[in-house]
A.B. asks: 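This is the structure I want to talk about, given as structure tokens.
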Amino acid sequence: MSESKLRVVGQPVRKKDAMQLLLGKPAYVDDLTPHDCLVVKVLRSPHAHALIDEISTDTALKVPGIECIFTYKDVPQKRFTLAGQTYPEPSPYDRLILDRRVRYMGDAVAIVAGESEKAVEKALKLIKVKYQLLEPVLDFHAAKDNPVLVHPEDNWRALCPVGADNQRNLCASGSCGDGDVDAVLADCDAVIDRVYHTKACQQAMMETFRTYTEMDTYGRLHVVSSTQIVFHARRIIANALDIPKSRVHVEKPRIGGGFGAKQTIVAEIYPAFVTWKTGKPAKMIYTREECQVAGSPRHEMEIRVRVGASRDGVIRAIDVYTLSNTGAFGEHGPTTVGLSGHKSIPLYTGNLEAFRFAYDVVYTNVQAAGAYRGYGATQGIFAVETAVSELAAQLRIDPVAIRERNMVREGQIMAAYYNEPASACALDRCMARCKELFGWAEKYPVRDMGGGKVRTAGVAMAMQGSGISGVDVGSATVKLSDEGFYNLMIGAADMGTGCDTILAQMAAECLDCDIGDIAVFGADSDASPYDSGSYASSTTYVTGKAVEKACAQLRENICAIAAGMLSCRPDELAFAGRTVRRLDGAGEVTLFDIATRSMCGNATAVQATASHSSPVSPPPFMVGMVEIELDRETGQVDIIDYVAVVDCGTPVNPALARAQAEGGIVQGIGMAMFENVTYEPTGRIVENSFMQYKIPTRLDMGRLRVEFEASYEQSGPFGAKSIGEIVINTPSPAIAGAVAHATGVWHRELPITPEKVLWGIKNRQK
């Protein structure tokens, strides 16, 4: 279907749930579950590494209203992973619900359930634990082959060959490449060799982790959770409790933000275990402090980048080594690290003669990491893009010009991106439009504003993916219902992104009806067709294609019923939205009549289910440019203007795509300038609340402008690619470049705070 003929796709349709949410209608987990259920909380370890020698719960059990307390002695001894990934999961099976060995400050020691939060809080204080303290591994540089093992247990196992070895503190290890990197680098006129460091950023979603559990009328465990992955959640909960998966039913209501945090099962296991053991309803709601110290933040990474070029700025070789800190457990460790190289190096496919990408993912005794928007690409793009800007500075080339000279272009094969082609790539047009819209020529390099303040600019490019090629499965069921409206059933999870709306737009386009005629239902592990879940920027591209296919099949079925009503063959009919008519003009029947006919003496299904998986993952591309004002007397950096131009194929809903872009950019600004995670020598996280962990507000983002430069991805629904993750990736390298242009100092560790900026200026002046 050509873009010029589209009626609903490409329109800024209002989100289906917008009014209900604005009016404060009950929508979220805690709105929809009974408040007289058991309250579940976890006693957390005060030590980074220890063995539990003794644990006494006798006094705590005497607190009025306490239902039960569980320790490591009460749980199954079968290890599992909390990573929401397709089976067999690349993440090692390294967890128990409760373990005698605690591996970070905040690790679960005991589960307490009671009739009130007050009773549970009191009982938590009365549990007596005697620990045998062990030496922790807190420095991730020293973790690999350290004599202190984070996971010495015999029943640790890795299901996939990802280079994992618990006897070496390795969660994953690997390398790949093309060409002779060392020889090409040796022949280059200029080589940048730098090390970059990103911290374990928090997703900081408004709705914390939360789950409600109950036994249904059939004796099954019913889990209502704020999760992105209902089907993976079912498997993980069953594995953890060591019960059949058929005994678990998972559904999600509206989600108050996830950003990848809820691609890990964080809160679900504990109330599920309580309900399974007691038969009573239970719920667990994480406090903000628990989210900060026992959640699933971005992986801390240290990335060494070597980039070699000729004196005229032609980039010939890139060498990337990533050391990733997975923390105490391996959720998403083997997979996030791959994106740090595979989605940064290919940006410079243009003239690249050789590349190498190697990595180690190590266990340490700090909070376990997980999935966060950008999923490793964010860290890698910060490193590679900053290195390219440093190279441009060394060669005295405009940082925009060096990118124009080397960027990947449509039709090129990206060797560092699994040898996939850049089948739809408007990166060159994104750069040209961004440069024009931003006014790069006027804002670069530096303008003196007086009073010790200067203004300057920075630039960065980014790419991501559209689902996990050859792995992700999206499915949709479309059903014709009474009076001729449709039900769309999906397993993808709308977490505020608007996927319910854009998938309904696609269905309305395919079925030639209004979006109001599409009622969306999802995601429920019993009722929805299987879907990998809402992560990896997969929903629009993968599940959207499944919607297209299901609608095409349903149209055929509808025409088959109409053929019987009009006494002709189906190929003599035309589907016309509200009617099906004979091509010869001899008659037509309405959708209302077809729906009515389908309910009496009919043997043709008026619903269709389709699944889709793609062998490729076409990348969206993006260019971001930032103007900052920097005060050389204080180190203060203010965002003045941020312009982004994004190639996400065909934007299905420009309004929602713009909202995605703006939100991601602001998160990226936070990562670049404010968000910090520091550890005390004991392993305690200092930033355990929003008083210490600073996230950006409207006052910190300056002027923000987003445009789209459309391409047409043939393998995507209506030419669409993804939008969700790429938008977080350009702020940190663009801001780092701008600060360097203003001060002459390159900051290679995030966040770039005023004190670091001022310290850099003063040291440079010495």
Side-chain angles (χ1 to χ4, degrees), residues 1-13 343 346-347 349 374 377 407-412 414 417 420-434 461-469 472 474 492 497-499 501-510 534 536-549 612-624 644-662 664 706-730:
M1 190 177 293
S2 68
E3 191 174 350
S4 61
K5 296 180 181 177
L6 301 181
R7 297 179 310 102
V8 188
V9 167
Q11 301 304 311
V13 175
K343 294 184 180 175
L347 285 166
T349 294
M407 68 172 61
V408 62
R409 295 176 186 268
E410 190 163 288
Q412 291 182 328
M414 298 175 287
Y417 188 63
E420 287 192 21
S423 53
C425 175
L427 183 57
D428 53 347
R429 288 185 277 122
C430 288
M431 181 65 78
R433 179 57 180 148
C434 197
M461 305 188 304
M463 62 179 282
Q464 195 73 37
S466 300
I468 305 172
S469 57
D472 281 348
T497 53
C499 84
T501 305
I502 63 167
L503 294 175
Q505 283 181 257
M506 294 184 195
E509 194 70 60
C510 294
S534 294
S537 299
S538 63
T539 305
T540 297
Y541 177 74
V542 181
T543 307
K545 200 67 177 177
V547 170
E548 258 194 345
K549 292 161 72 172
H612 181 69
S613 186
S614 175
V616 294
S617 177
F621 296 95
M622 176 183 179
V623 172
V645 180
V646 186
D647 161 23
C648 59
T650 301
V652 177
N653 187 317
L656 294 181
R658 179 167 284 103
Q660 285 280 291
E662 291 172 350
V706 175
E707 282 197 5
F708 299 98
E709 193 64 44
S711 63
Y712 192 89
E713 174 52 51
Q714 292 290 341
S715 65
F718 303 99
K721 299 187 288 187
S722 77
I723 183 70
E725 291 184 277
I726 185 174
V727 289
I728 199 173
N729 293 333
T730 59

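Throughout, residue positions are numbered sequentially from 1 according to the sequence presented.
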A.B. asks: Which atom names give the shortest non-hydrogen contact between P12 and P654, and what distance separates them?
C.D. replies: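 Closest pair (atom of P12, atom of P654, distance): N-CD, 3.9 Å.
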A.B. asks: Determine yes or no for a side-chain-to-main-chain donor-acceptor pair under 3.5 angstrom, with K721 supplying the side chain and A424 the backbone.
C.D. replies: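 Judged by distance alone, yes, a pair lies under 3.5 Å.
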A.B. asks: So how far is it from K545 NZ to T543 OG1, rounded to the nearest 0.5 Å?
C.D. replies: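 The distance works out to 13.0 Å.
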A.B. asks: Side-chain contact test, heavy atoms from C-beta onward, threshold under 4.5 Å: evaluate it for Y417 versus V408 and give yes or no.
C.D. replies: no
A.B. asks: Do Q464 side-chain atoms and P620 backbone N/O form a donor-acceptor pair below 3.5 Å?
C.D. replies: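 Absent.
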A.B. asks: Report the distance from atom CG of N653 to atom CD of Q11, rounding to the nearest 0.5 Å.
C.D. replies: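 That separation rounds to 9.0 Å.
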A.B. asks: Does N729 reach the side chain of M622, with side-chain heavy atoms less than 4.5 Å apart?
C.D. replies: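 Not in contact.
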A.B. asks: Between M431 and D428, is any pair of side-chain heavy atoms under 4.5 Å apart?
C.D. replies: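 They are not in contact (no side-chain heavy atoms under 4.5 Å apart), so the answer is no.
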A.B. asks: Is there a side-chain contact between M407 and L347 in this structure, where contact means two heavy atoms from C-beta onward sitting under 4.5 Å apart?
C.D. replies: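 Side-chain contact under 4.5 Å: no.
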A.B. asks: Looking at A720 and T540, what are the two nearest heavy atoms and their distance?
C.D. replies: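 Heavy-atom minimum between the residues: CB-CG2, 3.9 Å.
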A.B. asks: Might you point out which heavy atoms bring A422 and C425 nearest each other, and give the distance in Å?
C.D. replies: CB-CB, 4.0 Å
A.B. asks: Provide the closest heavy-atom pair for G467 versus S538 in the form atom of the first, atom of the second, distance.
C.D. replies: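 It is CA-CB, 3.6 Å.
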A.B. asks: For S469, check side chain to side chain contact (heavy atoms under 4.5 Å, CB included) against everything at least two apart and list the hits.
C.D. replies: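 Scan of S469 (side chain to side chain contact (heavy atoms under 4.5 Å, CB included), adjacent residues dropped) gives E420, S617.
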A.B. asks: Are the side chain of T650 and the backbone N or O of F718 linked by a donor-acceptor pair below 3.5 Å?
C.D. replies: yes
A.B. asks: Verify, without hydrogens or angle tests, whether R658 (side chain) and V706 (backbone) share a donor-acceptor contact under 3.5 angstrom.
C.D. replies: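 Checked: pair present.
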A.B. asks: With no hydrogens and no angle check, is any side-chain donor or acceptor of R433 less than 3.5 Å from a backbone partner on F708?
C.D. replies: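 No, because the side chain of R433 does not come within donor-acceptor range (under 3.5 Å) of the backbone of F708.
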A.B. asks: Test your reading of the model: is there a side-chain donor-acceptor pair from S466 to the backbone of P619, 3.5 Å cut-off?
C.D. replies: no
A.B. asks: Does A426 have any side chain to side chain contact (heavy atoms under 4.5 Å, CB included) partners at least two apart in sequence or in another chain, and if so, which?
C.D. replies: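 Checked A426 against side chain to side chain contact (heavy atoms under 4.5 Å, CB included); matches are R429, D647, E709, S711.
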A.B. asks: Find out whether T497 and T539 are in side-chain contact, i.e. whether some heavy atom of one side chain is under 4.5 Å from a heavy atom of the other.
C.D. replies: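 They are not in contact (no side-chain heavy atoms under 4.5 Å apart), so the answer is no.
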A.B. asks: Are S613 and D472 close enough that some pair of their side-chain heavy atoms sits under 4.5 Å apart?
C.D. replies: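 With C-beta onward as the side chain, the pair stays apart.
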A.B. asks: When you compare the side chain of S715 with that of P618, does any pair of heavy atoms fall below 4.5 Å?
C.D. replies: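 Yes. Closest side-chain heavy atoms under 4.5 Å.
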A.B. asks: What heavy-atom pair brings S614 and Y541 nearest, and what distance separates the two atoms?
C.D. replies: OG-OH, 2.9 Å
A.B. asks: Side chain to side chain contact (heavy atoms under 4.5 Å, CB included) with A507: which residues, sequence neighbours excluded?
C.D. replies: L488, I518, V547, C551
A.B. asks: May I have the step-by-step check of side chain to side chain contact (heavy atoms under 4.5 Å, CB included) for M414 and M463, ending in yes or no?
C.D. replies: CA-CA 12 Å; M414 298 175 287; M463 62 179 282; 4.3 Å; yes
A.B. asks: Is there side-chain contact between L427 and V623, with at least one heavy-atom pair below 4.5 Å?
C.D. replies: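 Contact flag for L427/V623 side chains = yes.
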A.B. asks: S534 and A492: which non-hydrogen atoms are nearest, and at how many Å?
C.D. replies: OG-C, 3.5 Å
A.B. asks: Between M506 and V9, does the side chain to side chain contact (heavy atoms under 4.5 Å, CB included) criterion hold? Intermediate values first, please.
C.D. replies: CA-CA 6 Å; M506 294 184 195; V9 167; 4.3 Å; yes
A.B. asks: Would you give the length of the straight line joining atom CD1 of I502 to atom CG of L656, rounded to the nearest 0.5 angstrom?
C.D. replies: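 I502 atom CD1 to L656 atom CG measures 7.5 Å (nearest 0.5 Å).
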